[in-house]
There are 2 protein chains.
Amino acid sequence: QMPRGNLETIHHRALVLAQIRKWLDRLLFKEAFECMRKLRINLNLLYDHNPKAFLDNVDLFIKQIGSVNYINLFLTEIKEEDVTKTMYPTHALSTMQSSEGAKAKKVDIVCDAVRAAMEKWDPQKFCLSILTSYVRRTIPQLEIALQKVHELRESPSTTIVSADEALKYLLFLVDVNELYDHSLGTYDFDLVVMVAEKSQKDPKEYLPFLNKLKKMETNYQRYTIDKHLKRYKKALSNLSKCGPDYFTEFLSFVKDQSLYTEALELYPHGTVEYKAINAAYGDHLVSKQQYELAGLIYARCNSIEKALDAFIASGNWHQVMCMASQLEYSGEKIAALARTVAGKLVEQRKQADAAVLLEQYAEDYEEAILLLLEGAHWEEALRLIYKYIRLDILETNLKPALLDAQRNHMILFDNQKTTFTRHKERLSVVREMKEKARLGLLDEDVTGCAEADLFSDTSSIMTASDASGKYSQSNSRISSRSSKNRRKAERKKHSLKEGSPLEDLALLEALAETIQMADKLRGDVHNLLKVLILFEYDARAKELQQNFDDLLLLFETSIPEIWPPSVQQNTAAPILGPHSTANSISISYQHQRNVNISMQDSELFTAPKLNKNIQWKLSLLL
Amino acid sequence: QMPRGNLETIHHRALVLAQIRKWLDRLLFKEAFECMRKLRINLNLLYDHNPKAFLDNVDLFIKQIGSVNYINLFLTEIKEEDVTKTMYPTHALSTMQSSEGAKAKKVDIVCDAVRAAMEKWDPQKFCLSILTSYVRRTIPQLEIALQKVHELRESPSTTIVSADEALKYLLFLVDVNELYDHSLGTYDFDLVVMVAEKSQKDPKEYLPFLNKLKKMETNYQRYTIDKHLKRYKKALSNLSKCGPDYFTEFLSFVKDQSLYTEALELYPHGTVEYKAINAAYGDHLVSKQQYELAGLIYARCNSIEKALDAFIASGNWHQVMCMASQLEYSGEKIAALARTVAGKLVEQRKQADAAVLLEQYAEDYEEAILLLLEGAHWEEALRLIYKYIRLDILETNLKPALLDAQRNHMILFDNQKTTFTRHKERLSVVREMKEKARLGLLDEDVTGCAEADLFSDTSSIMTASDASGKYSQSNSRISSRSSKNRRKAERKKHSLKEGSPLEDLALLEALAETIQMADKLRGDVHNLLKVLILFEYDARAKELQQNFDDLLLLFETSIPEIWPPSVQQNTAAPILGPHSTANSISISYQHQRNVNISMQDSELFTAPKLNKNIQWKLSLLL
């Protein structure tokens, strides 16, 4: 009797499922299968109910079910889904077991286990089911299936199923073109023809192609097939086996398909071919503007000139000089090269590297020293001054540069202090307004107007000199940092404009940036202080130390104010209080969490860390 | 009629205070004062009630009060405390005004204002009150007060109060020894004798001292007095004025009191004295083991040999070579020095610096290259190899060092992966146990036993070679880092021992450290990969890149697991739910906050940041 209504069906099904589970627990697969088939219960349950029991008793399963059609039905229905979790959930019990075998795919496990059982029991009888088990794998093993069909054709007498039947069945399961491609992929022309004949392909179309292939040398034939099937890596490997005559074709194939690294693996190091591939790879990398890697690749294949150019383009000056040495450049040529590269390095504010080039390859000591001063590398500049006995530079350049640097730092600290204080004050205004708004004491439109002119000139913060000529003596450390900062500013997510909805976040961001920027200067200031002391600029040093110390102290004392624990944990105190209810707390709490998570700005709520362990002060100046 | 009971007094006082406020509002100071004096109400109220009104009408206050005694009473009772906030609080109203003048001290403001009024009105009459106003300042101006007494003595005819009376009054206010010291400090012997006579000091004691002082040259006399009063800085300044004959005494005084920086300010740069002070300062700094500063100071005063030694001790090799150049050392001596300093630098794992010394001063190119290899400075090593045409080193040392480095990194990554996974798994066990304990499902004593042997061998994490001889070729970058890590480990606050109460924090700490350590290796690995590629060790490079990538991926995917949002915000989700009440939420919320704040470990709850923007991978190896 069929169920008559929804409720009854559900009820009925629950009872049925219970019965099926009992059968499965007692390994009565046949009963379970028949019932499931009749009541259209998903066959995955056969496995999912207890995967281990199924796999341990798969032979029993095959014997009980017996029917090729039934097994095909089972195999085609099997899916990754665990129906005990989705369609037919039960209570906790089975979850522990099923999560273990999560590494291999369930479909593959079942197909392989069932196939093994069938092969053991009666490969002839289950022939079609075995084919199904190959096709149903997550990555269908069509070549093996085709091979099986081919075997049937070889020995037709011993089989129950004919090759023809089997092939028809395969074509029922798999698209004909896919099967044809895979048959080609076996490089077995008998198979190809067999599949082609069954398909509706025009023999005038495929026969000429097959005949052309048949005439080829085996490796080249395989390469042609692989290329046809777009299996380029396999094609490459086969082509490499065709011998040196085909290397030109090989190389152009590598270039077409950008298979350089794969190609390199096919030839031993040191061979002509290996070098040729490297050269082509180098050209490719240059065209992709991967100059450094290109340089390394060129160097490997002894294309030293090309390597040198690539290293110049990538800015790797160490390698540039290595290449120049290998090319046995004359002293003059080396010097010119060193000057060129040094110029590029200075543009990237790498004065210390540029100075090494000028000193060691161009032997231009004065220029090297001036670059070091420009980069605020005081002690290295001093070392060269004394090494090359150029004490005149102490007066003409070093001392002026030193005083410039002191002045620039003073201006920078002053600007940072002003900006910081302004942002900090504005932050407390914004927070107060937001708090008032939250408490409903303020109309929304008033927000932000009160302090409308507080931020009229924040954009003019960085006044440190930008105009630093290529080799000018202006001390460039600071402006380098400031330009970095400007770039950073462009990335900003939130607007500092007063009244903007996330102004408080923008302020937090700006404050953290100011702190981090100044905090990074500890080492630079320390080095500057030492040299100021050495040249008896005690008063200037004292002033500098005092100002920087004041700035850091301002930051340190402001941090608990800007990032109070409630902000850091992103949980404002006023949530809780004598008048709060479970609901009010829950709501404001959830609200805060959502705001936070949606903005992905949690970093802003963490106070920046000061590098207090760096001892930058000189006791002399305390 | 006097109040009879507590309650009545209080009630009565409230009414009285209201009346006094009314009087003060109408500037009736006299009435208010009389009443306050009678009922022992703190006289600070006269000012605190309305500071601005008091200061604007201080002349009126003096005129109304009129009495020297009353004014003295007022001045002696005046304190920093604001009695409108502490003793006699009223409602909000006055708070806004009083907070403004917070910069200067209230006591000083009142003393100065009252004194000015008295000086204007009748300095003779208010003589003693004027003295009181000097004495009562936060830093008593005893010298001025004494000067006033001295003036009385000079012109006794015109005064109401005699010098004698005034002095007696001062001695009543101030300790006699303090007054005596201050009289000495004015360098005015008349004043000193005047005070001494009033004191109970023995003339046989102070007269010889005074006579001795009188015979001295003025500056030396002042120095002697300052020294006697322990005003060393003033003493130093006076002694410096005594001329070159006293410089020996000056210098020994500087040494005794460690007043080097003060002493330097007293002599112009370039003078003999300035240099002598610097030399002494240098010695002092050496004795305090501040070698670098000592070196700078010695260099300033041309003690170049001493400077050189100090710079060697401090490890500042740049300055060492500067000093050596100034001393015009022979090539041989320079080479030996360079070798010595290089040895020290290698001990500090600064192979790159040591290599510069060996290359440029000892001209030992081979040793320089070997050091660079030891420090994993591959490209700099290559540069020197080609610069000095020592291509033999490529085979003998560079390639083996390269392969060593690759191997060491592989071992390191493997160890880090093992440790990390172990700690991560243990953390989830500990968290689960804590959660169960929190829910009361587990007895406390069970905690930690279940996994007792999980951590038996955590101490053997770092196996990277420690045995790196001074100039050995073993690649030392890694072991340098590991020794740093070991030092870090010693600082650990929490125990990793299983079952320890803060084991979860210890695990978080250890996990964060592993992540940060590996994250810092991006640059090193990138450099190593490049050179491996250059020498065609593609397979090794690929292996290295793969392993490091896997490690970083493990960290990246584990971070949200180890630091889920609930941990990062330190607010676990289960607080809120359908069954929570305002109280339950409040309590668990407060509890969590307290736990967090008390432990000062909030950093541990923040996931470490990975430097994902560093492009360390080579596309060649992908």
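Reminder, nothing fancy here: chain letters follow the sequence lines and each chain counts from 1.
B/L391 has its side chain out of reach of A/Q326: every pair of non-hydrogen atoms, C-beta onward, lies at least 4.5 Å apart. When side chains are defined from C-beta on, B/K275 does not count as touching B/R300, because their heavy atoms never get closer than 4.5 Å. No side-chain heavy atom of A/Y365 sits less than 4.5 Å from a side-chain heavy atom of A/I393. B/N278 has its side chain out of reach of B/Y260: every pair of non-hydrogen atoms, C-beta onward, lies at least 4.5 Å apart. Within the 4.5 Å cutoff, no side-chain heavy atoms of B/L382 are placed close to those of A/H318. Contact check for B/W616 versus B/N527: no side-chain heavy atoms found under the 4.5 Å cut-off.
Among all heavy-atom pairs drawn from A/A294 and A/V286, the shortest one is CB-CG2, 3.6 Å.
Among A/N316, A/I334, A/L384, the residue with the largest count of heavy-atom pairs under 4.5 Å with chain B is A/N316. The choice from B/S619, B/C322, B/G295 that makes the most heavy-atom pairs within less than 4.5 Å of chain A is B/C322. Considering only heavy-atom pairs separated by less than 4.5 Å from chain A, the leading option among B/V320, B/L293, B/L264 is B/L293. The choice from A/Q319, A/H269, A/E536, A/M321 that makes the most heavy-atom pairs within less than 4.5 Å of chain B is A/E536. For the options A/M323, A/Q290, A/E292, heavy-atom pairs under 4.5 Å to chain B are most numerous at A/E292. For the options B/S325, B/A307, B/A299, B/A324, heavy-atom pairs under 4.5 Å to chain A are most numerous at B/S325. Taking B/K609, B/E380, B/E379 one by one and counting their heavy-atom pairs under 4.5 Å with chain A, the maximum is reached by B/E379.
Contacts between A/Y274 and chain B at a heavy-atom distance below 4.5 Å involve the side chain alone, from C-beta outward. Contact of B/I297 with chain A is made through the side chain alone, with heavy-atom distances under 4.5 Å. With a threshold of 4.5 angstrom between heavy atoms, A/K288 does not approach chain B through any atom at all. Interface residue B/Y281: only side-chain heavy atoms are found under 4.5 Å from chain A. With a threshold of 4.5 angstrom between heavy atoms, A/F535 does not approach chain B through any atom at all. Interface remark: A/E262 contributes no atoms to any contact with chain B (heavy atom separation under 4.5 Å). No part of B/Q615 comes within reach of chain A, as not one of its non-hydrogen atoms sits under 4.5 angstrom from that chain. Heavy-atom distances place both the backbone and the side chain of B/Q360 under 4.5 Å from chain A. In this structure, chain A has no heavy atom under 4.5 Å from any part of B/V531. Heavy atoms closer than 4.5 Å to chain B are found in both the backbone and the side chain of A/I533.
Residues meeting the salt bridge (Lys or Arg N to Asp or Glu O under 4.0 Å) test with A/E265, sequence neighbours left out: B/K542. Under the side chain to side chain contact (heavy atoms under 4.5 Å, CB included) criterion, B/A335 pairs with B/A362, not counting sequence neighbours.
Side-chain contact check for B/Y298 and B/D283: at least one donor-acceptor pair (N or O, by modelled atom type) lies under 3.5 Å.
Between the A/H377 side chain and the A/L372 main chain, no donor and acceptor come within less than 3.5 Å of each other.
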